[in-house]
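To start, the structure itself, in structure tokens.
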Number of protein chains: 2
Amino acid sequence: MSRGSTAGEPAPANRNVTLRDVARFAGVSVATASKALNGQPQVRAETRARVIQAAEQLSFSPNTIAQSLITQRTGTVGLLTSDLEGRFSIPILMGAEDAFGSDQTSVFLCDARDDAIREKHHLRALLSRRVDGLIVVGARPDTRTSLGRELPVPVVYAYAPSDDPRDLSLVTDNVGGGRMAVDHLLRCGRRRIAHITGDPDYGAAQDRARGALERLAEEGLEPAGGEVWFGMWSEAWGRGATRMLLERCTDVDAIFAGSDEIARGVLDVLHEERIDVPSRVAVIGFDNWKVLAANARPPLTTIDLNLEQLGRIAAQRLSAAMEGNPGSGVETVPGRLVTRESTAPLR
Amino acid sequence: MSRGSTAGEPAPANRNVTLRDVARFAGVSVATASKALNGQPQVRAETRARVIQAAEQLSFSPNTIAQSLITQRTGTVGLLTSDLEGRFSIPILMGAEDAFGSDQTSVFLCDARDDAIREKHHLRALLSRRVDGLIVVGARPDTRTSLGRELPVPVVYAYAPSDDPRDLSLVTDNVGGGRMAVDHLLRCGRRRIAHITGDPDYGAAQDRARGALERLAEEGLEPAGGEVWFGMWSEAWGRGATRMLLERCTDVDAIFAGSDEIARGVLDVLHEERIDVPSRVAVIGFDNWKVLAANARPPLTTIDLNLEQLGRIAAQRLSAAMEGNPGSGVETVPGRLVTRESTAPLR
DNA sequence: TTGTATGCGTTATCAA
DNA sequence: TTGATAACGCATACAA
């Protein structure tokens, strides 16, 4: 009764049922039962069927722990993030979790809160749990110190690259994103393009600006207003910078904002000034942070860094490394343009 | 050389060192080594010291897998979320991860993508990994079907309560949050209070509205505009509803928005209409979604549902259940008021 | 084709 | 106070 399950409903996995029980039930030895269930060829078809049926009837679920002890592989990986709160870690984490089909590999989640001590702590815990590999997700796209080369398992760094070129790191393509944004504005026929962006201490801000300037230079252009407007990653800065920009340079016809937050500020001021978007000024953001971009007035064209994709690739690379094919160096994952209504061809 | 570590740097945990090596190195038996390291009393102080030192020198890290096999406890729990993307799961997940100090308990992360099949899949995987317990995090605060009573480990439901009252569920206090919002507006001296909120199919919308209406009724008040403005969880709806409200009811002095997104729309229109916030109309949001609330003009007073706290409590309740003290029923975690500048006393 | 025996790295129960 | 030895649940080399 206590183990009973009515027909149709799959019986819940019963923890106390071991391979011994299955073997006894099927009238074979433990070894044979093991072989039968693991698809080893050296077992008669009829026997295998009997064992499998026994396993099902007892709703046997092999003890992964015991298996790991023998095979020396746990089928687990550690996901060491430094900032769960940050919106960048989450998509990466989703992609990674997704790529490890749950049957094969399970993911241990650890949040180090951007604290080195805590990270060491988590690392020890993960290693003593005998994870087969590690993904280290940074909070900012700037270089971080390597966990070292002496680790007993392969490591892949995502978002924030390791400072050791022998490690394998996956990063977003901020330079390419900047180029892509400007390129799109150029295709829309814009020539007076300004770039308002965030904190210049961020590699992301520098890289996006560099990509933008490069693409402009290819057309023999300079940014409207003469320079890149560095500031902060906030709507308020987007508003302030836009006001200054409009004063200095009345004929601007496009603004590339370094983030969707900044873009919201930009749109706000343009709206206040009764400057139509996109007919008079086109606006493009960065990040594709949906709640900001999709709800903007008008909905915001922006660059998506494909973070989920980055997470998926990180998982693939880690799997490869666990199979004995480690990589190294920095691999860049391209972003993509997401067009909404804040940009359009001139006229 | 290959194992070498220069003084100062902690040697990396060496996977291949087993208790046997430590014992041999210290000149004792495996059994004694085990006792010494685990703080068992029946071992001479000097011996213990020798063993500990040996363990350190070899940078021994006990194999958790082997320990689990004996103790029948893995020190792991499964975190089964139905929607990683959703912004509600993340704080809960953070709180839970935080509450299980990483040394004691590690967390397996699984995203079922709100799909029952996938959930079953993950569940099987987690059980075969012999997790000691499960936290099930829902995507919406509406009731979900129980995983059943036949599971071999305790389960705690977070955010979305189980439909089986014998399970233990933790939920946010939407009714209380609604009361709290209106109460704050009343304290600010407002009497003509409107409520604009989201999709009426969401329990969250209904509950917040109920709390608001209850509190209003206690003062003998009705909502401004005569009724609650249900609609959608979007800025656009916030804008549209506000325009309608202002037409129907010119003397409104406060608006309670059912979400921060809606509140942003409300603020937008008030700004367009040159209606000052908060001096003429106070606005309060819901969720404390920082990027929206903190960047609003003016920064938005709102209700925080304490999701991280909810996650922490979920972890605590699960720990208790794993210790043999299971709970049941639905436990409500109160929210809190976060005051910013969009509300202030009248005059 | 099947079964016996051994071991994975630990903890726990005994004797010594 | 210490040390053999038997588990834990399973996989595999080897013997039958």
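First the proteins, then the strands, lettered A, B, ... as listed; each starts at 1.
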Could you state the [atom1]-[atom2] distance from [X] to [N], rounded to the nearest angstrom?
| X | N | atom1 | atom2 | value |
| --- | --- | --- | --- | --- |
| B/Q40 | C/dT11 | CD | P | 9 Å |
| A/L37 | D/dG9 | CG | P | 16 Å |
| B/I65 | C/dT10 | CD1 | C1' | 12 Å |
| A/R20 | D/dC10 | CZ | P | 11 Å |
| A/L19 | D/dA11 | CG | P | 6 Å |
| A/L69 | D/dC8 | CG | C1' | 9 Å |
| B/L58 | C/dG9 | CG | C1' | 15 Å |
| B/N16 | C/dC8 | CG | P | 13 Å |

| query | For atom CD of B/Q53, is the number of surrounding heavy atoms from other residues, nucleotides or ligands below 6.0 Å larger than 12? | reply |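 Count not over threshold, so no.
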With a 6.0 Å cut-off (strictly less than), is the heavy-atom count around CZ of B/R87, excluding the residue itself, greater than 12?
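It does: B/R87 CZ has more than 12 such atoms within range.
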Output every pair passing side-chain hydrogen bond (donor to acceptor under 3.5 Å, both in side chains) with a member in residues 310-320 of chain B, not counting sequence neighbours, ordered by first then second residue.
->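 Output for this query lists B/D98-B/R312, B/R317-B/E331.
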task: Would you indicate what B/E46 reaches in the nucleic acid, counting non-hydrogen atoms under 4.0 angstrom: base, sugar-phosphate, or nothing?
output: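 B/E46: no heavy atom of the nucleic acid under 4.0 Å.
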request  = Pick base, sugar-phosphate or nothing for A/I70, based on heavy-atom distances below 4.0 Å to the nucleic acid.
outcome  =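 Answer is base: heavy atoms of A/I70 come under 4.0 Å of a base.
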Does [X] pair with [Y] as a salt bridge, N-O distance under 4.0 Å?
| X | Y | value |
| --- | --- | --- |
| B/D111 | B/R113 | yes |
| A/R140 | A/D83 | no |
| A/D167 | A/R149 | yes |
| B/E119 | B/R144 | yes |

Q | Bending between helix ends of the helix from C/dT1-D/dA16 to C/dA16-D/dT1 [5 pairs per end, 10° resolution] | A |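 It works out to 50° between the end axes.
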### Under 3.5 Å donor-acceptor, B/R50 side chain and B/A26 backbone
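Side chain of B/R50 to backbone of B/A26, a donor-acceptor pair under 3.5 Å: yes, one is there.
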Quick one: is [X] getting a side-chain N or O under 4.0 Å of the [N] phosphate, OP1 or OP2?
| X | N | result |
| --- | --- | --- |
| A/N38 | D/dA11 | yes |
| A/Q67 | D/dC10 | no |
| A/S34 | D/dA11 | yes |
| A/Q72 | D/dA11 | no |

With 3.5 Å as the limit, what N/O pairs link the protein to nucleotides 1-5 of chain D?
| unit_1 | atom_1 | unit_2 | atom_2 | d |
| --- | --- | --- | --- | --- |
| D/dT2 | OP1 | B/R44 | NE | 3.4 |
| D/dT2 | OP1 | B/R44 | NH2 | 3.4 |
| D/dT2 | OP1 | B/T47 | OG1 | 2.5 |
| D/dT2 | OP2 | B/R44 | N | 2.9 |
| D/dT2 | OP2 | B/T47 | OG1 | 3.4 |
| D/dG3 | OP2 | B/S29 | N | 2.9 |
| D/dG3 | OP2 | B/S29 | OG | 3.4 |
| D/dG3 | OP2 | B/T32 | OG1 | 2.7 |
| D/dG3 | N7 | B/K35 | NZ | 3.4 |
| D/dG3 | O6 | B/K35 | NZ | 2.6 |

Checklist entry - Are A/L126 and A/F108 close enough that some pair of their side-chain heavy atoms sits under 4.5 Å apart? => result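 A/L126 vs A/F108: side chains touch.
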